[in-house]
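Read through the structure below, which is laid out as structure tokens, and then see the notes.
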Amino acid sequence: MLVYDQRNECPLADRRPAVTMGVFDGVHRGHQKILAELGAVATEIGGPSLAITYSPHPRQALGRAAPSGICSVEKRLELLAAAGLDAVWLLTFTPEFAEKSGKDFAEEFFHRRLNAGAVVLGEAASFGNGRDGTVPALRKWAEPWGTRVVGVPPLTVDGSVVSSTAVRLAVQAGNLGLASDYLGRRVSVQGMVVHGQGHGHKLGFPTINLDPFHELRPPPAVYLTKTVMDGVAYRSITNIGRPPTEQEIAAGLRDFLIETHLLDFDQDVYGKSVEIFFYHKTRDVMHFSGLDELVVQVEHDLQAARKWFDRYGDA
């Protein structure tokens with residue numbers, strides 16, 4: 001998949017691409033339905049498939065509170081590539097960008113800069129200052145350009161519309177099964193391995209500490225996970241929450257932690273990028289009066305993790 005940014009003109013205009021547009025945060029099953037239709041339309045018109053997406057989130061660019069990111073921009077591009085797109089145009093969203101009306105945006109990007117053979121959007125999509133860029137309006141604007149406009153009905157799961165907001169609410173509520181149904185894959189957190197306090201290694205349970213690339217993560221608890229690093233998946237157990245002992249809290253270690261112990265693995269992985277996939281919540285977070293209590297509980301957690309993975313494997 002080719003990736004273009006705002007510094008470069010997208011050189012596909014002479015091929016009249018089929019185009020879609022959106023933030024595509026999470027590239028969930030609703031997005032996947034639109035992307036599948038985009039691919040089908042691109043085949044019909046004989047042009048490449050292209051998605052316009054943005055960074056940062058439009059609300060953030062306008063100085064407003066942006067929703068928690070489901071995945072990083074890099075992961076978004078990876079998922080868009082997996083959906084079979086030929087190209088992505090990654091635009092930097094700015095306040096000036098937000099001032100464009102829907103019609104002005106459509107004329108500049110869909111017509112003048114891309115010469116789109118077709119535009120495929122969700123039926124409820126709206127874009128531009130004032131949200132005047134709707135599918136019915138776009139059909140009228142695009143008729144003189146010879147551009148086909150396709151509206152895709154929303155995808156529902158058990159009567160609920162799949163959306164990035166629905167994914168966020170499910171993850172934040174700890175309903176990882178429902179979130180996975182919406183995403184079409186397991187909930188995951190991506191980030192960089194950074195130095196922690198080193199307590200786990202001293203206690204015989206070395207952990208990797210994650211500096212996440214995005215904001216959304218499951219609520220505080222202990223989870224059975226798979227950690228993917230350098231293309232290899234390792235069975236693991238992950239704690240999300242505050243430091244577990246009263247001593248650490250008293251010492252001022254109050255940061256929100258994502259700590260993962262990889263089963264049967266003890267190597268220096270600082271600075272590596274990893275992705276942690278969440279399989280099963282094993283217990284709520286607990287606080288301990290001292291390290292001895294913590295060690296006993298961690299040993300119990302690891303024993304339970306091994307039994308679960310031996311029984312269910314990659315289920």
Side-chain angles (χ1 to χ4, degrees), residues 1 3 5 7 24-27 53 55-57 60 66 68-82 88 90 92 171 176 183 185-245 247-249 251-279 282 285 291 294-295 298 301-302 305-306 309 314:
M1 183 183 76
V3 179
D5 63 29
R7 294 169 297 178
F24 295 111
D25 189 17
V27 193
T53 191
S55 179
H57 191 283
Q60 181 180 348
S68 298
I70 297 171
C71 64
S72 65
V73 173
E74 292 75 17
K75 181 67 175 181
R76 190 195 320 171
L77 295 176
E78 176 187 323
L79 293 168
L80 290 171
V88 167
L90 180 61
T92 301
V171 172
L176 302 187
L183 287 167
R185 63 185 185 277
R186 290 191 180 277
V187 172
S188 67
V189 173
Q190 311 98 42
M192 185 75 69
V193 179
V194 296
H195 287 275
Q197 299 299 313
H199 296 320
H201 197 279
K202 294 175 184 177
L203 296 174
F205 310 111
T207 61
I208 62 173
N209 294 266
L210 197 70
D211 182 11
F213 295 149
H214 56 97
E215 298 83 9
L216 188 68
R217 76 277 319 254
V222 176
Y223 300 91
L224 303 185
T225 55
K226 287 284 187 73
T227 299
V228 176
M229 178 170 49
D230 294 332
V232 180
Y234 300 91
R235 293 179 174 184
S236 54
I237 185 167
T238 297
N239 175 76
I240 296 182
R242 304 295 179 187
T245 66
Q247 292 94 326
E248 289 173 306
I249 294 174
L253 300 178
R254 300 178 179 274
D255 290 340
F256 196 79
L257 303 176
I258 302 177
E259 294 182 297
T260 298
H261 173 76
L262 280 60
L263 277 62
D264 306 314
F265 181 94
D266 185 10
Q267 297 179 24
D268 183 353
V269 295
Y270 293 118
K272 284 188 176 291
S273 176
V274 304
E275 185 168 8
I276 300 171
F277 292 86
F278 290 79
Y279 277 65
T282 185
V285 292
L291 295 178
L294 174 60
V295 168
V298 171
D301 291 340
L302 293 177
R306 293 182 190 280
F309 279 120
D314 295 328

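Here the structure is a predicted model, which is why all the values come from computation and not from measurement.
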Are [X] and [Y] close enough that some pair of their side-chain heavy atoms sits under 4.5 Å apart?
| X | Y | answer |
| --- | --- | --- |
| His214 | Ile70 | no |
| Leu79 | Arg185 | yes |
| Asp264 | Arg306 | yes |
| Ile208 | Thr227 | yes |
| Ser236 | His261 | no |
| Asp25 | Cys71 | yes |
| Thr53 | Val88 | yes |

Closest approach of [X] and [Y], non-hydrogen atoms and distance?
| X | Y | value |
| --- | --- | --- |
| Ser273 | Met192 | N-SD, 4.0 Å |
| Pro218 | Tyr223 | CB-OH, 3.5 Å |
| Ile258 | Val189 | CD1-CG1, 4.3 Å |
| Phe278 | Leu176 | CB-CD1, 3.9 Å |
| Val194 | Tyr270 | O-CE2, 3.5 Å |
| Pro220 | Gly241 | CB-CA, 4.2 Å |

Ring pair (Phe, Tyr, Trp, His ring centres under 6.0 Å) filter on Tyr234, not counting sequence neighbours, yields Phe265
Any donor-acceptor pair under 3.5 Å from Gln190 side chain to Glu275 backbone: no
